[in-house]
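See structure below.
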Amino acid sequence: MLRIENLHVSVEGKPILKGIDLNVKAGEVHAIMGPNGSGKSTLAHVLAGRPGYEVTAGRVWYQGKDLLAMAPEERAREGLFLAFQYPVEIPGVSNIYLLKAALNAIRKHHGLNELDAMDFLATVKDKTRLLDMDEQFLYRAVNEGFSGGEKKRNEILQMAVLEPKLAILDETDSGLDIDALKIVAQGINALRSEKRAFILVTHYQRLLNYIKPDRVHVLAHGSIAKSGDAGLALELEKQGYGWVEQLADAGA
Amino acid sequence: MNTVSQSTARYVADYDSIASQLPGSGLSWLQAMRTRALSQFSASGFPSPREEEWKYTNVAPIERKMFLPRRAIPGSVDIGLLGRYRLPDAFTLVFVDGGFDAGLSNFSGLPDGVVIAPLSEALGRFPELVRSRLGGCIESEPHGFISFNTAMFSDGVLVVLPARTVLERPIQLLHVATQPESLCTVRHLIVAENSAKGEIVESFVGQEDLSYLTASVCEVDIGENAAVTLHKFQAETAKAFHFGGIYVKQAQHGRFEHHNCSFGGLLVRSEIHVGLDQASECLLNGLFLGSGRQHVDNHTRVDHFKPYGISREVYKGILDERARGVFQGRMIVHQDAQKTDSNMTNRNLLLSVDAEIDTKPQLEIYADDVKCGHGVTVGQLEEELVFYLRSRGIDEPSARNMLTFAFANEMVEKIEYESLRSLVLEELISRLPQASAIKEWL
C-alpha cells in the first residue's frame with residue numbers, strides 16, 4: 001500500500017527527516033512513536049502533502065503511484081486520510097457541508113455519481129452514533145468552539161464517512177480523557193479491515209492498549225531508531241525515550 | 001469653506017420649482033425645516049474628503065452628475081425584479097424612484113394601533129407626531145447628504161409601534177430605481193414606543209444597469225425596553241450611487257439590532273449612528289462585498305451616553321479586483337457611561353492585489369470603569385484552512401471559494417429572519433466566483 005524509501009525532508013532549510021524507510025501493507029496497523037521533535041508529525045504531514053515541506057531525497061510509493069507528485073486533494077481522493085493533531089476551526093462551514101463536499105469530490109474522482117441526499121444523511125447519522133456524537137454536531141460549523149476531544153472525534157467521524165484506504169492519525173490520542181480515548185479507539189477499530197491500513201502517530205503507548213498495532217517504529221532525530229512488534233511499545237513505556245535516543249545516537 | 005459644485009448650485013436653484021410637489025408642502029414648520037436644510041446644503045454641498053468622517057470617500061463623481069427629482073411620469077417597474085427581492089411574509093411598502101407606490105405595496109391587516117403609513121400621508125394624518133420626531137434621532141451635525149435629504153425627501157414611511165405591541169410580521173421598505181439619473185430621497189421614521197418590538201428591512205435595488213442616486217435617511221426612535229431589528233439589504237446596480245444613513249436613539253433598556261448587507265452600487269456610503277441610554281443594547285453586524293471598481297464605505301458611530309450599555313459590532317468585508325472598502329467605526333464612551341461593555345471587530349478579506357481596505361476603529365473613552373475591545377484583521381485566506389480542505393479531497397480553487405463563502409456566510413447566519421436570510425444567501429452566492437459549485441454543496 002505504502003512504501004517510503006530513504007525519505008529526507010527539510011522545513012525552512014532545516015533537515016527534519018533524515019532517511020525514513022517504511023513499508024505498510026493493506027490490513028496492517030503501524031504505530032510511529034517517538035519523543036517530541038523526532039519528526040513524527042512532519043512525516044504525517046509530508047504524506048498528506050502539506051505545503052512548506054521540502055523533500056530533499058527519497059521516494060514514496062502509494063498504491064504503485066508516486067505519492068509526492070500528487071496534489072493534497074488528489075491524495076485524499078485516492079484514499080489517503082490524515083486525522084490532524086490540531087484540527088482547524090472553519091466558521092461558516094458546517095460539518096455536514098464539508099462531509100458532503102469531500103465525499104462527492106472523492107466519488108466524482110472515481111467516476112461515481114453524487115450520493116443521494118437521503119442516503120448520505122442516513123450514512124452520516126449512523127457514523128455519528130458509532131462515535132457517540134450528537135447529530136446536532138453535523139449542523140455546527142467545523143470544529144468551531146469544539147473541545148479538544150470533540151475535535152478529535154470529528155476527525156474520526158470524517159474518516160468513517162470518507163472510508164480511506166490509508167489513514168494516518170497524527171496524535172489523535174493527545175488531549176483525550178480515558179472515555180473519549182475509548183470511543184475514538186472503538187471508532188478506529190470499527191474501520192479496521194483487510195483492505196485498509198493505518199499509521200498511528202503517537203507519543204504515548206496508551207492508545208495502543210485499545211488498538212493493537214502490527215508494527216511499532218520508534219523515531220528519533222529524524223530516522224527510525226528501532227522497529228518491532230506491539231511489544232516494543234510496552235518496552236518503551238518502561239524504559240522511556242532516552243533508551244531509543246541512545247540507540248539512534250549509537251547508530252549515527 | 002468649500003467651493004460649492006455646479007450641481008449643488010443647480011439643486012438649490014431648481015428647488016423652488018419642485019418644492020410645491022414635495023410632501024407636506026402646506027406645513028409651514030416643515031417648509032421652514034426644509035428651507036433651513038437647503039441653505040445648509042447650499043453652503044456645504046456634499047461632504048468632502050477634507051472632512052475627517054469622509055476622509056476615505058470622495059463623492060466628486062456624485063457632484064459631477066445631476067440627478068432628477070421624481071418625475072410626473074413614473075418609470076415602468078420590472079415586476080420580475082421586484083418579485084425576486086420582495087419578502088413574501090412581510091408587510092411591504094414599495095418606493096419607485098423615491099415615491100411611494102400604493103399599487104405595488106401591501107400592508108393590509110395591521111394589528112390595532114400599529115401605524116404604517118407613507119410619510120406623504122402621515123404628514124396629513126399625524127402632522128404633530130411627525131413634527132415632534134423628525135430629525136430627532138440625528139445627534140451629529142448634519143452633513144450634506146442629510147441636509148440634502150431633509151430638503152428634498154420625496155416620501156418615506158412612518159412606523160409607530162405602540163407601547164407593548166409586538167409586531168409579528170416584519171416590514172419591508174423596498175426601494176427600486178427605474179429611470180436613469182433618478183433620485184431616491186426617502187425619509188423613514190420608525191418609532192417603537194416603550195416595550196414595543198418590531199423588525200424592519202430596507203431593501204435597495206435598481207433596474208438593469210441604471211445610474212441613479214439613492215440618498216436615504218432612516219431615523220429610529222426606540223423607547224424604554226423596546227426592541228427594533230433593522231436590516232439593510234443593498235443590491236443597487238453596478239452604476240448606482242448610494243448614501244444610506246441610519247440614526248438611532250435608544251432609551252433605557254432599549255435594544256437595537258442592525259444587519260447591514262452591502263452588495264451592489266458603484267459608490268456606496270452607509271452610516272449607522274446609534275446613541276445608547278442606560279442599560280441599552282446595540283448589535284451591529286455588517287457584510288460588504290466589492291468587486292470591479294466599487295467603493296464601499298461603512299461608517300458607524302456608537303455613543304454610550306449612560307452606564308451599563310452593551311454594544312457589539314462585527315463588520316466583514318470581501319474585496320476583489322480593484323474594489324475599495326472603508327470601515328470607520330467610532331465608539332464613544334461618554335463620561336457618564338460607566339460599566340459600558342463594548343466590542344468592535346472588523347475583518348477583511350482581500351482577494352486581489354489591487355483591492356484595498358481602509359479600516360479605522362476609533363475608541364474614545366471618557367469613563368474609567370468600562371470594558372471595551374476592538375480588533376481588525378486584513379488579509380488573505382488562511383493557508384492552514386485551505387490545506388485542511390484540500391486534505392479532504394476538495395480542490396484548491398473550490399477550497400478557496402468555500403472559505404470565502406464561509407467568511408461571509410458567518411454573517412448571513414446571524415440573520416434570524418428566515419426569508420431574508422435565504423435572500424441574502426442567494427445574493428451572496430450569485431456574487432461569488434464559482435457560484436454554481438457553492439450551490440451544489442449546500
Side-chain angles (χ1 to χ4, degrees), chain A residues 44-45 47-53 70-84 86-110 114 117 139-144 151 154-155 157-159 161-164 167-168 170, chain B residues 259 261 285-287 289 314-318 345 347-349 375 377 379-415 418 421 424-425 428-429 432 434-442:
Chain A
H45 283 136
L47 294 177
R50 188 192 195 92
Y53 291 80
M70 292 157 76
E73 55 269 33
E74 222 181 317
R75 302 179 195 199
R77 291 168 187 178
E78 288 287 338
L80 187 143
F81 181 90
L82 170 67
F84 283 66
Y86 304 109
V88 294
E89 299 191 7
I90 315 181
V93 176
S94 68
N95 279 303
I96 191 89
Y97 176 91
L98 171 62
L99 287 170
K100 200 165 139 194
L103 188 62
N104 280 332
I106 293 167
R107 289 179 65 91
K108 201 172 155 194
H109 178 74
H110 293 286
E114 284 194 3
Y139 303 99
R140 284 172 59 185
V142 176
N143 294 325
E144 193 188 27
K151 285 181 183 172
N154 202 21
E155 293 291 287
L157 173 69
Q158 291 178 14
M159 178 173 81
V161 172
L162 301 180
E163 299 185 323
I168 303 161
D170 188 10
Chain B
H259 299 266
C261 296
N285 288 323
L287 171 66
L289 258 64
V314 181
Y315 262 73
K316 281 188 168 189
I318 302 177
T345 308
R347 294 182 60 201
N348 304 287
L349 208 52
T377 62
Q380 283 80 41
L381 292 168
E382 285 176 55
E383 292 307 314
E384 190 82 15
L385 303 191
V386 176
F387 174 64
Y388 187 82
L389 293 179
R390 293 179 74 190
S391 80
R392 296 302 180 249
I394 297 162
D395 65 80
E396 191 177 349
S398 299
R400 292 188 183 279
N401 284 315
M402 193 186 278
L403 291 170
T404 305
F405 167 70
F407 179 83
N409 190 35
E410 206 192 352
M411 297 313 292
V412 180
E413 282 178 350
K414 292 179 194 281
I415 300 171
E418 206 179 321
R421 191 174 62 237
V424 171
L425 189 65
L428 169 69
I429 291 171
L432 290 176
Q434 267 201 11
S436 56
I438 297 171
K439 267 196 175 148
E440 258 172 52
W441 301 326
L442 286 176

> Where do B/D395 and A/K108 land on the salt bridge (charged side-chain N to carboxylate O under 4.0 Å, His left out) test, with the steps shown first?
Replying inline: CA-CA 12 Å; B/D395 65 80; A/K108 201 172 155 194; over 6 Å; no
> Do the non-hydrogen side-chain atoms of A/E144 and B/E410 ever get within less than 4.5 Å of each other?
Replying inline: yes
> Any side-chain heavy atom of B/I394 sitting closer than 4.5 Å to one from A/L98?
Replying inline: yes
If I compare all heavy atoms of [X] with all of [Y], which pair ends up nearest, and what's the gap?
X: B/A406; Y: A/P91; result: CB-O, 3.4 Å
X: A/A105; Y: B/G393; result: CB-O, 3.3 Å
X: B/F387; Y: A/A48; result: CE1-O, 3.8 Å

>> Can you tell me which residue among B/L389, B/L385, B/V386 is in a side-chain contact (heavy atoms from CB on, under 4.5 Å) with A/V88?
In response: B/L385
> Most heavy-atom pairs under 4.5 angstrom with chain B, which of A/R50, A/H109, A/R77, A/R75?
Replying inline: A/R50
> Looking at A/A76, A/A141, A/S94, which makes the most heavy-atom pairs under 4.5 Å with chain B?
Replying inline: A/A76
> Given that the side chain runs from C-beta out, which part of A/E89 has a heavy atom under 4.5 Å from chain B: side chain, backbone, both or neither?
Replying inline: backbone
>> Checking B/R392 against A/E155 for the salt bridge (charged side-chain N to carboxylate O under 4.0 Å, His left out) test, could you report, in this order, the C-alpha distance in whole Å, the side-chain angles of both residues, the deciding distance, and whether it holds?
In response: CA-CA 11 Å; B/R392 296 302 180 249; A/E155 293 291 287; 2.7 Å; yes
>> Nearest 0.5 Å, please: how far is OG in B/S391 from CD1 in A/I168?
In response: 10.5 Å
>> Below 4.5 Å, heavy-atom pairs only: which of B/E382, B/E396, B/E384, B/E413 has the largest tally toward chain A?
In response: B/E384
> Angle class for the A/F84/B/Y388 ring planes (parallel below 30°, perpendicular above 60°, tilted otherwise)?
Replying inline: tilted
